[in-house]
Peer 1: 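The structure is given below, and queries will be raised subsequently.
All of these numbers come straight from a predicted model, not from anything done at the bench. Below, read A as the first sequence line, B as the second, and so on, with proteins coming before strands; counting in each chain starts at 1.
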Amino acid sequence: MKYDPSRIEDKWQRLWEEEGVFRSVEDPEKPKYYCLEMFPYPSGRIHMGHVRNYTIGDVIARYKLMRGFSVLHPMGWDAFGLPAENAAIKEGEHPAAWTYANIAYMKKQLRRMGFSYDWERELATCDPEYYRWEQKFFIEMFERKLAYKKKALLNWCPSCKTVLANEQVEGGSCWRCENPVTAREMDQWFLKTTEYADELLDYTFKLPGWPDRVLVMQRNWIGKSYGAELDFALRDSDTKIRVFTTRPDTVFGATFMSIAPEHPLTIQLAKDSGREAQVKEFIDRIVLQDRAQRTSEEVEKEGVFTGAYCINPFTGWEMPIYAANFVLFEYGTGAVMAVPAHDQRDFEFAKQYELPIVVVINPEDSTLDPETMTAAYEGPGVMVNSGEFSGLPSEQGKEAITRFSSDKMMGGKAYSYRLRDWGISRQRYWGAPIPVIYCEKCGVLPVPESDLPVLLPDIEKIEFEGGGPLKKIEEFVNVACHACGGHAERETDTMDTFVESSWYFIRYCCPKEARDPFHRGAVHYWMPVDQYIGGIEHAVLHLLYARFFVKVLRDMGYLDFDEPFQNLLTQGMVIKDGEKMSKSKGNVVDPEYLIEKYGADTSRIFTLFASPPEKDLDWSDKGVEGGSRFIKRVYNLVVQHLDRLRDVTPLRGDEEYVGTAKKLRHETHKTIRKVTNEIETRFHFNTAIAAIMEFVNYLYKIDPRELVGDLPRSALAEAIQTLILLLSPFVPHLSEELWELSGNERFVSSQPWPEFHENLALSESIPIVVQINGKVRAKIVVDADVTEEQIREMVLSDQRVKEYTSGKEVRKWVYVQGKLVSLVVR
RNA sequence: GCCGGAGUGGCGGAACGGGCAGACGCGCGGGACUCAAAAUCCCGUGGGGGCAACCCCGUGGGGGUUCGAAGCCCCCCUCCGGCACCA
């Protein structure tokens, strides 16, 4: 009999499906386990990243099933998005046709990997039955003022011809096409993520099952700063300008003010002072720069005097107001009190424009002199030149100044966040329509629920000129207002695809529910997700949006939990030749070729064995060969023993025997313990598989002549059966085949996970290492139950130990239970 | 610049709370089988020294704590990732 992966794999994939082995059921008698992997974008073919992600998830799902959990393990498609549209433009194919064809192909590929999905729960986000609920959520958010429209300067990707959210701009470039992003003023829909900034932040400390680095990245992204807001009155009018600062203790050193060029007040001030021309020139120049340019480090501090002054309420000084290129309109209040002595940016600006520098914080042990300073002093210290506050340590000064401002009604304690609201409008076709109409009389109106879904209309040709493809479709755009019956126009932007992926995991609980977005019972049973698995690249994108969405849906009464994902595993990248596997690098390995040549089980075991899931995986053709070799070795081992396994009942209890049976049982139970531990404590499948390999090596070494008689044969049967059970989550097709060959009932996939007996797993004799002055000098083997006193006797009478101790004094004796003895000898 | 993570044989990686460094796999060397090769099976494999028993060195570098450090503390170097004028 020869191992033939293609025959075996096809056979078991068919049987699993026919028998519905992985259909999830809400069984109230069982504990539930929701295992989820990030769903793929249907780009055309699966890549090694998918194989790795989904293999890790599959092992967990299969393991939990064997452990007696009611497991939900679904799969679906993140089906809206740009590539479909780009392909449509290039190939002339409809985005829907392109997408559904890709889904069909990729689904076949996933099937061939043998993943234990419940395909009855499959969903595609481009399906109206899916996005209709998203439109409903949008309307409810609109009603709660969590969705709003505003005109703003936004990130515009000229290549993708659409607006991008802040999270989708990486280092000034588009996350998808890597082209530089420019600023563009547009009227856009936003979701109010900032409303939840505090809760999103607080819960990063309540997610112990998430990797630290993801939580840290989210905290940094939210970027909460603690400080104060202070009011500065204009010299020539009643207007006050409010600034945010994290350093209220330096307010006595504020000698001028900087304001963002985009700030409406900037041009206003200039107009009033007659400097409109210069200021407008500056604003126009700065605002037009693309983001990468504007925020790059090399850009010099630059500004222009608006002609206006404000009054420092603490010193009474007249502070000139400058428009400055480094002031961000969207952060804080868009205006900054400039303290050149204690802020590097202000320092550089002051030097450039010859503005006064006043020291108000001295370091503990020295005195600063503005004349000789070459950089701002940003550290803590003691307040000076600060009126009644002089002498206070700067930390106390922060509080004192804040309290003072608050008492005098000119500001007070404040926070500021780096996080911005999520801009979700996209000027593209292949997305969920935003369910809003604009009526000439009634204004902005959400589409009534009874009219949902707002179907994405069919389209012949995708054109972008004039604000987006949907604008061209008159039947879509022109509608009668449902309120007044007059003429109205539809919103023609579609939603960011990250909106779809922000709630798909809840819909898996009840994908066919037609009357409501969610079936309460099902959602209550399955959510939250117990284990989520996916790439680190979504650390602040999808993973933040999904958390936000769940909180919003909770507050709208749909959900009764706070966080979507209990445990998160971020798998490493697949690396080849030192670089991430990617089409652009030309170093991809096509999983289909791998399945074709070696089979799914080999592909699975290679990706699992090569490194622990959270680390990067170095691709190696030889490593794949090794995986294939191991699988054949297992197959041949079991086939070799088939005759011995006939009509034999495997041992079950914890009885200890003698000779071969005893040794076999010991190895068997030790292996169960090790494999179970590795999976249970940290999903380290590489070491779990290594333990199984050791077990296989051991089984190969047994002399068949020792396997005569009922007891050794029963022990062998136990060993082989255990081997197959332990392998089942990793290489399920092979395991099913061997399970059947060795005379068992289908399916190994739904068998209980083997239990180990501690007494059998323990060694009866243990090696004790003897260190003398820190070096290993001897090893003794003792029975597991000996006392320290007995060990002491054995050690001191050991020949090798004597050689090192004769004529010397044993000054110290350290004994580590069951492990080692350490002697200090002089 | 700030915030994370990581540096272990020729390679991927083990060593879970300070206790035999290098499990397992790849590669390499040797052997068995074969007319021969592939496949398979067995043995060996961190470096150096020694006929050998053994000895010395060794987890990016330098110091420290400890009977004992890959792991803990201090300083430094390198690589990877995130953020990056956030007031």
Peer 1: Using atom CH2 of A:W619 as one end and atom C1' of B:G25 as the other, report the distance to the nearest whole Å.
Peer 2: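 Answer to the nearest Å: 15 Å.
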Peer 1: Just N and O in the side chain of A:R345: are any of them under 4.0 Å from OP1 or OP2 of B:C86?
Peer 2: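 Yes.
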Peer 1: Does A:R219 put a side-chain nitrogen or oxygen below 4.0 Å from OP1 or OP2 of B:C83?
Peer 2: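 Looking at the OP1 and OP2 atoms of B:C83, neither is under 4.0 Å from any side-chain N or O of A:R219.
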Peer 1: Quote, to the nearest angstrom, the P distance that separates B:G68 from B:G19.
Peer 2: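 After rounding to an integer number of Å, I get 14 Å for this pair.
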Peer 1: When all nucleic acid strands are considered with a 4.0 Å heavy-atom cut-off, which category describes A:R629: base, sugar-phosphate, or nothing?
Peer 2: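 Sugar-phosphate, no base atom in range.
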Peer 1: Is A:R219 close enough and on-axis enough to A:F205, meaning under 6.0 Å and within 45°, for cation-pi?
Peer 2: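 Judged by the rule (NZ or CZ under 6.0 Å from the ring centre, within 45° of its axis), A:R219 counts as positioned above A:F205.
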Peer 1: Nucleotides 15-21 of chain B: which of its N/O atoms have a protein N/O under 3.5 Å away?
Peer 2:
{"unit_1": "B:A15", "atom_1": "OP1", "unit_2": "A:R682", "atom_2": "NH2", "d": "2.3"}
{"unit_1": "B:C16", "atom_1": "N4", "unit_2": "A:E678", "atom_2": "OE2", "d": "3.0"}
{"unit_1": "B:G19", "atom_1": "N2", "unit_2": "A:Q771", "atom_2": "OE1", "d": "3.2"}
{"unit_1": "B:C20", "atom_1": "O2", "unit_2": "A:K779", "atom_2": "NZ", "d": "2.6"}

Peer 1: Taking the P atom in each of B:G18 and B:A6, what is the distance between them to the nearest angstrom?
Peer 2: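 Roughly 15 Å separates the two P atoms.
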Peer 1: Just N and O in the side chain of A:R777: are any of them under 4.0 Å from OP1 or OP2 of B:C55?
Peer 2: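 Yes, because at least one side-chain N or O of A:R777 sits under 4.0 Å from OP1 or OP2 of B:C55.
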Peer 1: Give the nucleotide from the list B:G27, B:C42, B:A87 with an atom nearest to the side chain of A:R633.
Peer 2: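 The closest nucleotide is B:C42.
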Peer 1: To the nearest 0.5 Å, what is the distance between CD (A:E378) and NE2 (A:H342)?
Peer 2: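 Rounded to the nearest 0.5 Å, the CD-NE2 separation comes to 10.0 Å.
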Peer 1: Any chance you could measure A:S611, atom OG, to A:R52, atom CZ, to the nearest 0.5 Å?
Peer 2: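 Output value for this atom pair is 4.0 Å.
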Peer 1: Does a salt bridge link A:R242 with A:E229, judged by any charged N lying under 4.0 Å from a carboxylate O?
Peer 2: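 Salt bridge: yes.
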Peer 1: If we ignore angles and hydrogens, is there a donor and acceptor under 3.5 Å between the side chains of A:R176 and A:Q168?
Peer 2: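 No, because no side-chain N or O of A:R176 sits under 3.5 Å from a partner of the opposite role on A:Q168.
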Peer 1: Can you tell me, in whole Å, how much space there is between the C1' of B:A21 and that of B:A15?
Peer 2: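 One C1' to the other, the span is 7 Å.
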Peer 1: So, for A:V589 and A:M48, which heavy atoms are closest and what is the spacing to 0.1 Å?
Peer 2: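 Here A:V589 and A:M48 meet closest at O-CG, 3.4 Å.
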Peer 1: Classify the glycosidic conformation of B:G12 as syn or anti, calling it syn when the angle lies within 90° of 0.
Peer 2: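 Nucleotide B:G12 adopts anti.
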Peer 1: Using atom P in both nucleotides, what's the gap between B:G12 and B:G4 to the nearest angstrom?
Peer 2: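 Approximately 27 Å lies between the P atom of B:G12 and that of B:G4.
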Peer 1: Are a donor atom and an acceptor atom from the side chains of A:E803 and A:Q799 found within less than 3.5 Å of each other?
Peer 2: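 Per modelled atom types, A:E803 and A:Q799 side chains form no pair under 3.5 Å.
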Peer 1: Considering only side-chain heavy atoms of A:Y804, which listed nucleotide, B:U40, B:C43, B:C55, is closest?
Peer 2: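 Selected nucleotide (nearest to the side chain): B:C55.
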Peer 1: With side chain to side chain donor-acceptor pair (under 3.5 Å) as the criterion, how do A:T194 and A:D421 come out once you've worked through the C-alpha distance, each side chain's angles and the decisive distance to 0.1 Å?
Peer 2: CA-CA 6 Å; A:T194 52; A:D421 283 339; 2.6 Å; yes
Peer 1: Do the side-chain N and O atoms of A:Y417 and A:D198 include a donor-acceptor pair separated by under 3.5 angstrom?
Peer 2: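 On atom types as modelled, these side chains qualify, holding a pair under 3.5 Å.
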Peer 1: Could you list the protein-to-nucleotides 49-51 of chain B atom pairs, N/O on both sides, closer than 3.5 Å?
Peer 2:
none

Peer 1: So A:S620, base contact, sugar-phosphate only, or nothing? Heavy-atom distance under 4.0 Å.
Peer 2: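 Touches nothing.
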Peer 1: Toss me the dot-bracket line for RNA chain B: Watson-Crick and G-U wobble, both under 3.5 Å, 5' to 3', using | for pairs to another strand and [ ] for crossers.
Peer 2: (((((((..(((......[....)))((((((.......))))))((((....))))..(((((..]....))))))))))))....
Peer 1: State which of B:G27, B:C24, B:C42 makes the closest approach to the side chain of A:Y700.
Peer 2: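 From the listed options, B:C42 comes nearest.
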Peer 1: Give A:W813 one of three labels, base, sugar-phosphate or nothing, depending on what nucleic acid heavy atoms sit under 4.0 Å from its own.
Peer 2: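 Nothing: the residue A:W813, judged by heavy atoms under 4.0 Å, touches no strand.
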Peer 1: Taking only the P atom of each, what is the distance from B:G9 to B:G61 in whole angstrom?
Peer 2: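 Approximately 10 Å lies between the P atom of B:G9 and that of B:G61.
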Peer 1: Please give the distance between the C1' atoms of B:C11 and B:C28 as a whole number of Å.
Peer 2: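 Their C1' atoms lie roughly 11 Å apart.
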Peer 1: Between B:C55, B:C26, B:A84, which nucleotide gets closest to the side-chain atoms of A:R418?
Peer 2: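 The nucleotide sitting nearest to the side chain is B:A84.
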Peer 1: If you look only at pairs with a residue in residues 688-705 of chain A, which of them pass as a side chain to side chain donor-acceptor pair (under 3.5 Å), with sequence neighbours excluded?
Peer 2: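 Qualifying pairs, neighbours excluded: A:R633-A:N697, A:D703-A:R705.
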Peer 1: Tell me whether the OP1 or OP2 atom of B:A87 has a side-chain N or O from A:S258 closer than 4.0 Å.
Peer 2: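 It does not, given that no N or O in the side chain of A:S258 lies less than 4.0 Å from OP1 or OP2 of B:A87.
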Peer 1: Over all strands shown, is A:R420 touching base, sugar-phosphate only, or nothing at heavy-atom distances under 4.0 angstrom?
Peer 2: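 Answer is base: heavy atoms of A:R420 come under 4.0 Å of a base.
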Peer 1: Using a 4.0 Å heavy-atom cut-off across all strands, classify A:G223 as base, sugar-phosphate, or nothing.
Peer 2: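 Nothing, no nucleic acid heavy atom in range.
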Peer 1: Do any side-chain nitrogens or oxygens of A:Y698 fall under 4.0 Å of OP1 or OP2 in B:C24?
Peer 2: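 So the side-chain polar atoms of A:Y698 never come under 4.0 Å of the phosphate oxygens OP1 or OP2 of B:C24.
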Peer 1: Which value, in whole Å, describes the distance between the C1' atoms of nucleotides B:G64 and B:A69?
Peer 2: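 Their C1' atoms lie roughly 11 Å apart.
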Peer 1: Please round to the nearest 0.5 Å and tell me the distance separating atom CD of A:E167 and atom CH2 of A:W175.
Peer 2: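 These two atoms lie 11.5 Å from each other.
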Peer 1: Compare side-chain N and O positions of A:N697 against OP1 and OP2 of B:G25 and report whether any pair is under 4.0 Å apart.
Peer 2: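 Indeed, a polar side-chain atom of A:N697 lies that close.
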Peer 1: Looking at residues at least two apart in the chain, or sitting in another chain, which of them share a side-chain contact (heavy atoms from CB on, under 4.5 Å) with A:F609?
Peer 2: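 Applying side-chain contact (heavy atoms from CB on, under 4.5 Å) to A:F609 gives A:I689, A:A690, A:M693.
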Peer 1: I need the CD1-P distance between A:I222 and B:C2, as an integer number of Å.
Peer 2: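 Whole-Å distance recorded here is 23 Å.
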Peer 1: Figure out the CG/P separation between A:N636 and B:U40, and round it to whole Å.
Peer 2: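 It is 10 Å, rounded to the nearest whole Å.
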Peer 1: Taking atom types as modelled, find out whether A:E678 and A:T687 have a side-chain donor-acceptor pair closer than 3.5 angstrom.
Peer 2: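 Checked: A:E678/A:T687 side chains pair up, N/O donor to acceptor below 3.5 Å.
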Peer 1: Might you list the N or O atoms of the protein lying below 3.5 Å from N or O atoms in nucleotides 4-12 of chain B, with each pair's distance?
Peer 2:
{"unit_1": "B:G12", "atom_1": "O2'", "unit_2": "A:A610", "atom_2": "O", "d": "2.8"}

Peer 1: Grab the CD1-P distance between A:I702 and B:C42 for me, whole Å please.
Peer 2: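 Whole-Å distance recorded here is 13 Å.
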Peer 1: Looking just at side-chain N and O atoms, do A:S603 and A:D601 make a donor-acceptor pair shorter than 3.5 Å?
Peer 2: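 Side chains of A:S603 and A:D601: no pair found under 3.5 Å.
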Peer 1: Anything under 30° is parallel, anything over 60° is perpendicular, the rest tilted; go ahead and classify A:F256 against A:F349.
Peer 2: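 Rings of A:F256 and A:F349: parallel, under 30°.
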Peer 1: What is the distance from atom CH2 of A:W422 to atom OG1 of A:T193, rounded to the nearest 0.5 Å?
Peer 2: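 OG1 of A:T193 is found 8.5 Å from CH2 of A:W422.
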Peer 1: Give a yes/no on whether any side-chain N or O of A:N686 is located under 4.0 angstrom from OP1 or OP2 of B:A14.
Peer 2: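 Indeed, a polar side-chain atom of A:N686 lies that close.
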Peer 1: Counting any heavy atom closer than 4.0 Å, what does A:K580 reach on the DNA or RNA strands: base, sugar-phosphate only, or nothing?
Peer 2: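 The residue A:K580 makes no contact with any strand.
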Peer 1: Side chain of A:K775: nearest nucleotide among B:C83, B:C56, B:C26?
Peer 2: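 Nucleotide nearest to A:K775's side chain: B:C56.
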Peer 1: Going by the side-chain contact (heavy atoms from CB on, under 4.5 Å) test, name the single residue among A:I283, A:V327, A:L153 that passes it with A:E262.
Peer 2: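 So, applying the side-chain contact (heavy atoms from CB on, under 4.5 Å) to A:E262 and each of A:I283, A:V327, A:L153, only A:L153 qualifies.
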Peer 1: If we take the P atom in both B:C57 and B:G62, what is their distance in whole Å?
Peer 2: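 Looking at atom P only, B:C57 and B:G62 are 14 Å apart.
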